[in-house]
Asker: 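The structure is given below, and queries will be raised subsequently.
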Amino acid sequence: MHTEQLVRSRAKGGGGAQDATAVAHPNIALIKYWGKSDERLFLPRTDSLSMTLDIFPTTTRVRLAPGAGHDTVTLNGRPATGEAERRIVAFLELVRERAGLAHRAVVDTENTVPTGAGLASSASGFAALAVAAAAAYGLGYDATALSRLARRGSGSASRSIFGGFALWHAGRAGGTDQEADLSSYAEPVHAADLDPALVIAVVNAGPKAVSSREAMRRTVDTSPLYEPWAVSSKADLTEMRAALSRGDLEAVGEIAERNALGMHATMLAARPAVRYMSPASLTVLDTVLQLRQDGTPAYVTMDAGPNVKVLCRRTDADRVAAAVRTAAPGGAVHIAGPGEGARLLTGDGR
Ligand code: DP6
């Protein structure tokens, strides 16, 4: 019997916390997830590796509401609507199916990511929701099963279950749904003495032109550069793991930078092109190059938006942040270190 089936049969006896609150942090990928092999199960094409942050937590409370006819979802004190509500309710449906319980839920989420910070709140959001909902519905999942579950809300959320550095296994599409689902989860990766920081440069707080979900679909379907990037990303991951385990920040930064810029190249070659970089992003990229030429190890990574994250040593972070502020004075700059994995704040935690 698989773990999920075991815990489900346990949960059927009842005993969920009914009311549970969890906290989770965003993560930034150093080896990117870009492209799915199964959209319904959220199986990625490639393995990815990230650092969980120690800033911008999301706190989510899930309370079962026996007798209620629908779920009630509140985001930062306002009723969730549209796509955000649809994704959360679909996620709760999955949890209910696994728990063998029909009760609807009341979900309250407080997200501390400043609006438009360009940090995917879906990673911390679905990691916190997975941990709180699994406890409220009594699933009794361990961290690996929680990572698989969080993945079904948003792929990158699978990594926010863990603190520090986390590797998300792509797994294998095909076979039965259960085999495929079990094959893809994140796990912690040890990094020796890096003392890293990520300086987050918010250069543009406007809404995204194209969602990452749509952009990755278009890239996989139409970009002639996608497959070469996916192949090179495999080699990047092998080198990244070696660099992390020997605590080589320069190598970690170089690999992360080329992996991210390569991902953006795949999008530029999509038809039609997806371009997230703005003139202000390029200004920050130039600044980081200059810092490096002046002897400060600093490296960029970017996601599905114009904001730039700069990897450097924590001891250099204030100087890097000051240089970025001077170069792109319009935006906010935040400094993050490695943060903790998602955890339950209340409830019985089983
Ligand atoms: C560029 O996890 O937001 O940040 O699985 O469709 O919800 P869905 O996508 P999402 O994609 C994140 C993409 C990325 C790179 C990364 O975090 O690895």
Side-chain angles (χ1 to χ4, degrees), residues 24-53 56 58 83-84 86-88 90-91 94 111 113 117-130 147-162 165-171 173 181 184-186 189 198 200 208-221 223 226 229-230 233 236-237 240 255-257 259-268 270 274-277 281 300-309 311 336:
H25 291 83
N27 69 76
I28 300 296
L30 303 179
I31 300 290
K32 300 296 183 187
Y33 149 49
W34 196 248
K36 295 181 181 69
S37 58
D38 185 319
E39 294 216 354
R40 190 172 47 88
L41 297 175
F42 286 80
L43 295 180
R45 289 275 184 132
T46 55
D47 296 347
S48 57
L49 190 149
S50 61
M51 185 177 106
T52 299
L53 307 186
F56 304 147
T58 298
E83 182 66 2
R86 194 197 60 70
R87 283 175 67 179
I88 292 170
F91 187 82
L94 177 67
N111 214 329
V113 182
L119 278 165
S121 52
S122 65
S124 53
F126 279 101
L129 180 63
S147 173
R148 291 190 191 103
L149 178 63
R151 191 195 82 229
R152 301 288 293 270
S154 181
S156 53
S158 63
R159 300 183 307 235
S160 275
I161 294 296
F162 299 100
F165 294 90
L167 165 66
W168 172 22
H169 298 283
D181 186 59
S184 184
Y185 54 89
V189 166
L198 276 168
I200 297 164
K208 279 184 200 177
V210 188
S211 73
S212 57
R213 197 158 293 185
E214 162 58 20
M216 66 173 81
R217 184 183 298 141
R218 192 189 301 171
T219 306
V220 171
D221 290 348
S223 173
Y226 182 74
W229 174 78
S233 195
D236 286 348
L237 179 67
M240 177 63 83
I255 300 161
E257 185 172 292
N259 188 267
L261 295 179
M263 175 185 80
H264 284 271
T266 68
M267 296 180 218
L268 288 171
V274 180
R275 181 175 59 83
Y276 287 119
M277 287 187 201
S281 322
V300 300
T301 185
M302 290 181 66
D303 296 292
N307 303 314
V308 183
K309 293 97 182 183
L311 179 75

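Predicted model only: the values in this text are computed from it and were never measured. Whatever order the structure lists ligands and atoms in, that order sets their numbers, starting from 1.
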Asker: Treating Ser158 as the side-chain partner and Gly155 as the backbone partner, does any N or O pair qualify as donor plus acceptor under 3.5 Å?
Answerer: yes

Asker: Heavy-atom contacts with Ala29 under 4.0 Å: which atoms of ligand 1 show up? List them by number with element.
Answerer: 16 (C), 17 (O), 18 (O)

Asker: Would you check if the side chain of Asp38 reaches a backbone N or O of Arg40 as a donor-acceptor pair within less than 3.5 Å?
Answerer: yes

Asker: So is Glu39 touching ligand 1 or not, going by heavy atoms under 4.0 Å?
Answerer: no

Asker: Between the main-chain N or O of Pro306 and the side-chain N or O of Ser281, is there a donor-acceptor pair closer than 3.5 Å?
Answerer: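 Present.
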
Asker: Suppose I only count heavy atoms of Trp34 and a 4.0 Å limit; which atoms of ligand 1 are within that range?
Answerer: 1 (C)

Asker: Using a heavy-atom cut-off of under 4.0 Å, does the side chain or the backbone of Ser212 touch ligand 1, or both, or neither?
Answerer: side chain

Asker: I'd like to know if Arg159 contacts ligand 1, where contact means a heavy-atom distance under 4.0 Å to any ligand atom.
Answerer: yes

Asker: Run the salt bridge (charged side-chain N to carboxylate O under 4.0 Å, His left out) test against Arg217 and tell me which residues pass, sequence neighbours left out.
Answerer: Glu39, Glu214

Asker: Where the closest heavy atom to atom 1 (C) of ligand 1 is concerned, which of Ile28, Leu30, Asp303, Leu43 has it?
Answerer: Asp303

Asker: Has ligand 1 got any nitrogen or oxygen that is less than 3.5 angstrom from a nitrogen or oxygen of Arg213?
Answerer: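 Yes.
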
Asker: Looking at Ser122, which atoms of ligand 1 are within less than 4.0 Å of one of its heavy atoms?
Answerer: 3 (O)

Asker: Would you mind listing which atoms of ligand 1 come within a distance below 4.0 Å of any non-hydrogen atom of Arg87?
Answerer: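 Going through ligand 1 atom by atom, the ones under 4.0 Å from Arg87 are 7 (O).
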
Asker: Taking the six-membered ring for Trp and the full ring for Phe, Tyr or His, determine whether the centres of His169 and Tyr185 are under 6.0 Å apart.
Answerer: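 His169 vs Tyr185: aromatic centres under 6.0 Å.
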
Asker: Is it true that a side-chain atom of Asp47 and a backbone atom of Ala170 form a donor plus acceptor pair closer than 3.5 Å?
Answerer: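 Judged by distance alone, yes, a pair lies under 3.5 Å.
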
Asker: Hey, does Met263 come in under 3.5 Å of ligand 1, counting only N/O atoms on both sides?
Answerer: no

Asker: Does some non-hydrogen atom of Ser48 fall short of 4.0 Å from ligand 1?
Answerer: no

Asker: Please check this pair: side chain of Thr52 against backbone of Phe162, looking for a donor-acceptor N/O pair closer than 3.5 Å.
Answerer: yes

Asker: I need the full list of salt bridge (Lys or Arg N to Asp or Glu O under 4.0 Å) pairs touching residues 149-158, with sequence neighbours left out, sorted by first then second residue.
Answerer: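 Only Arg151-Asp181, Arg152-Asp181 qualify under salt bridge (Lys or Arg N to Asp or Glu O under 4.0 Å).
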
Asker: Which of the atoms in ligand 1, numbered in the order shown and given with their element, are less than 4.0 Å from a heavy-atom of Lys36?
Answerer: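 That gives atoms 5 (O), 6 (O), 8 (P) of ligand 1.
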
Asker: What atoms of ligand 1 come within less than 4.0 Å of a heavy atom belonging to Phe42?
Answerer: 5 (O)

Asker: Please check: side-chain N/O of Asn27 versus main-chain N/O of Ser156, any donor-acceptor pairing under 3.5 Å?
Answerer: yes

Asker: Purely on distance, is any nitrogen or oxygen of Asn27 under 3.5 Å from one on ligand 1?
Answerer: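 Not met; the criterion fails.
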
Asker: If you count the atoms of ligand 1 from 1 in the order shown, which ones are under 4.0 Å from a heavy atom of Met216?
Answerer: 9 (O), 11 (O)

Asker: Say whether, by atom type as modelled, one donor and one acceptor occur between the side chain of Asn259 and the main chain of Lys32 under 3.5 angstrom.
Answerer: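 Yes, Asn259 side chain to Lys32 backbone: donor-acceptor pair under 3.5 Å.
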
